[in-house]
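Notes follow once the structure below has been shown.
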Amino acid sequence: GAKVLMVGAGGIGCELLKTLALSGFQDIHIIDMDTIEVSNLNRQFLFRKSHVGQSKAKVARDAVLKFRPHISITPYHANVKDPDFNVDFFKQFNVVLNGLDNLDARRHVNRLCLAAEVPLVESGTTGFLGQVTVHVKGRTECYECQPKPAPKTYPVCTITSTPSKFVHCIVWAKDLLFTKLFGDKNQENDLNVRSTDATSSSEHVEDVFERRKDEDIEQYGRRVYDHVFGYNIEEALSNEETWKNRNRPKPIYSRDFLHDEIAQQNGNVDKDCAAGDPSSVSAMASLGMKNPQDIWCLKENSRIFMEAFKLFFMKREKEIGNLTFDKDDQLAVEFVTAAANIRASSFGIPLHSLFEAKGIAGNIVHAVATTNAIIAGLIVIEAIKVLQNDTNNYRCARMTYCLEHPTRKMLLMPVEPFEANKSCYSPLTLEINTHRAKLRDFVEKIVKAKLGMYFPLIMHKAALLYEVGDDLDEAMVANYAANLEKVLSELPSPITSGTTVTVEDLKQELTCNINIKHREEFDEEKEPDGMLLSGWTQASVEKDDNKPNGNDNVEMDVPSGKKRRISEISGQDLSSVTGETKNHEKLEVVDDDDDLVMLDDDPGLNKRKRMQ
């Protein structure tokens, strides 16, 4: 008789909906914004090839109703962050079950469940590993009480100058070279550091990445190739100090691997590429290379690089300038794989296949359908306990791990519950230059990026400085837009050191107070935002999303009462990164902190103040 909300109808969601239906649940609602892709079909068994492009939530409903026609399933093809899914919407449910694939959406659902006082069952899988946790307001910790490990990040200097791992080459090829050539030309990019010819002595310095007027694509491609793999490496070698304790890289030039006859041979193959669908264009197909698990030699990587380069300009020229890397874009994956392998060869790093490179570039840990099924079963077991109000038997009030290898003869490892973290509701402190930073910086870098608020309202003392909403008149919109461009200390109610700013999101019914501390200077490398938010417990380790065993030194409680290391049970906090791992986080080329923040849990106080 319970009314259940499922968020996510993907890998876990398909298994979960099936299990709920077969377990006797009669009233199920599903929210999912995604459409079905071919790559989903190997494990999301409610979908068929004929469903590609259709709504996951709607197709999942139709599939389950075929074998359970008398139950009620309500699908929503929408984003759970949409305004319609507010606290009142959540209050109608007896329990919420998450099968999400990103941190922002998890936090959003967690906050709505807290505000609506509805129990939340959270879950995650990556490869053979999985976990389920239960969050009940006032009885257990919430999703944000414990810090979530930050995605692995890499210093810019390592990526651009001294790569030592293949992942460094992937990040360079994907986030620097691909973006520079095919993405937003105005975007800051560290390749600009060495993007000019050494021979240029005139006042007008030519950008190597700009195509010359009437320049042949082949010639343009070779010029870029020689610059990034040859000249830039020569320049790097000129700094002897860098290579005292490192292996010296070797410059690579196109003349050594790309001969005229190859160029001539490849010049005719583009007519075989599909002229209609840009996503079907493939450098591998053009060159007759079929197996994505082959490891190409340096010559083959050079040919793929040039062929992909040419195909972008010949078949997808309209997209250039607006492209971003997508793991499902075959040509983009081919270009990034080839570029990463050429760079890896230069630095003496082992080469990888396209299949492996795609996994690294897309942060993919290949899904295992059985893990999803096990986790879905655990979610339903925990949901039944919640609905029976069986607090004493919440096996996973903290979490249950699904392990790859048995530990103490168990593949499912229960962990004792943690109480709510009291510091979860502490005020925050923001160090910021109040004479330079604008309100826009505060909104974009702190309120949205860090606090995860989508409909923020910002107050200082009695003044309302900024608000988002559909019910604002033109004068208010203009006033708030003007405020965004003012520095903090020059706002109508000046924000200066020692003052407190109140930020709330009425949709999430969430409020927090931020104490402002003026600071003149910031380290550009370590504090690129030019501000520092503190007041929560940061993750003690970094986690590499490409490997499921990143947290091998974190301790946690287990039923025996003793502390055990995660490495001993092969587990990790998967809910911080994945519902079912996919391309939800890019490999960052920054050195930043996790976005986890502990928030004030009294949304009513400042709301009443505003109404007055």
Side-chain angles (χ1 to χ4, degrees), residues 4 6-8 11-13 15-16 19-20 23 95-101 106 109-110 113 119-136 139-146 148-149 365 367-420 543 548-552 554-581:
V4 177
M6 278 178 52
V7 187
I12 293 175
E15 296 285 351
L16 179 57
T19 306
L20 285 171
S23 300
V95 66
V96 176
L97 312 177
N98 262 359
L100 286 163
D101 59 15
R106 291 168 185 280
V109 172
N110 174 63
C113 287
L120 169 65
V121 184
E122 185 59 85
S123 66
T125 66
T126 181
F128 291 102
L129 306 179
Q131 75 178 44
V132 174
T133 62
V134 176
H135 306 289
V136 182
R139 298 185 189 177
T140 71
E141 64 182 12
C142 80
Y143 177 72
E144 294 182 83
C145 277
Q146 297 297 325
K148 301 297 179 283
V365 177
V368 177
T370 315
T371 311
N372 291 338
I374 293 169
I375 292 302
L378 281 172
I379 293 171
V380 176
I381 290 171
E382 298 307 328
I384 291 171
K385 292 177 190 173
V386 168
L387 295 168
Q388 291 175 338
N389 203 24
D390 189 4
T391 315
N392 294 330
N393 279 322
Y394 286 169
R395 173 180 287 268
C396 57
R398 166 57 181 153
M399 66 180 66
T400 298
Y401 285 119
C402 176
L403 310 178
E404 183 173 358
H405 305 288
T407 297
R408 294 191 294 174
K409 298 184 178 179
M410 288 191 289
L411 278 172
L412 299 179
M413 172 66 72
V415 179
E416 285 293 301
F418 287 139
E419 293 180 359
K543 173 178 154 47
N549 60 347
N551 294 352
D552 52 11
V554 180
E555 294 186 335
M556 63 183 187
D557 291 312
V558 293
S560 65
K562 298 177 181 178
K563 295 277 189 181
R564 288 174 63 88
R565 293 187 181 279
I566 287 185
S567 58
E568 294 180 59
I569 64 167
S570 304
Q572 66 178 36
D573 190 353
L574 307 174
S575 65
S576 66
V577 292
T578 177
E580 179 194 59
T581 303

Checking [X] side chain against [Y] main chain: does a donor-acceptor pair fall under 3.5 Å?
X    : Y    : answer
R106 : Y143 : no
T371 : G127 : yes
H135 : T140 : no

[X] side, atom [atom1]; [Y] side, atom [atom2] - distance, nearest 0.5 Å:
X    : Y    : atom1 : atom2 : result
C142 : L120 : SG    : CG    : 9.5 Å
F128 : I374 : CZ    : CD1   : 10.5 Å
I381 : T400 : CD1   : OG1   : 9.0 Å
N98  : I379 : CG    : CD1   : 8.5 Å
M6   : I12  : CE    : CD1   : 10.0 Å
C113 : E122 : SG    : CD    : 9.0 Å

Handout entry: T133 vs V121, side chain to side chain contact (heavy atoms under 4.5 Å, CB included): CA-CA, chis, key distance, verdict
Key = CA-CA 6 Å; T133 62; V121 184; over 6 Å; no
Closest heavy-atom contact between [X] and [Y]?
X    : Y    : answer
T19  : A376 : OG1-CB, 4.4 Å
S123 : I375 : CB-CG2, 3.8 Å
L411 : H405 : CD2-C, 3.7 Å

Practice task
Please test L403 against M410 for side chain to side chain contact (heavy atoms under 4.5 Å, CB included), starting from the C-alpha separation and ending with a verdict.
Solution key: CA-CA 8 Å; L403 310 178; M410 288 191 289; 6.0 Å; no
Problem - Min side-chain heavy-atom separation L16-N372 under 4.5 Å - result: no
Practice task
Taking the side chain as every heavy atom from C-beta outward, state whether I384 and L387 have any pair of such atoms under 4.5 Å apart.
Solution key: no
Handout entry: Derivation and outcome, side chain to side chain contact (heavy atoms under 4.5 Å, CB included), residues V7 and V96
Key = CA-CA 8 Å; V7 187; V96 176; 4.1 Å; yes
Exercise for the section: Apply side chain to side chain contact (heavy atoms under 4.5 Å, CB included) to the pair L129 and E404, showing each step before the final yes or no. Expected result: CA-CA 6 Å; L129 306 179; E404 183 173 358; 4.0 Å; yes
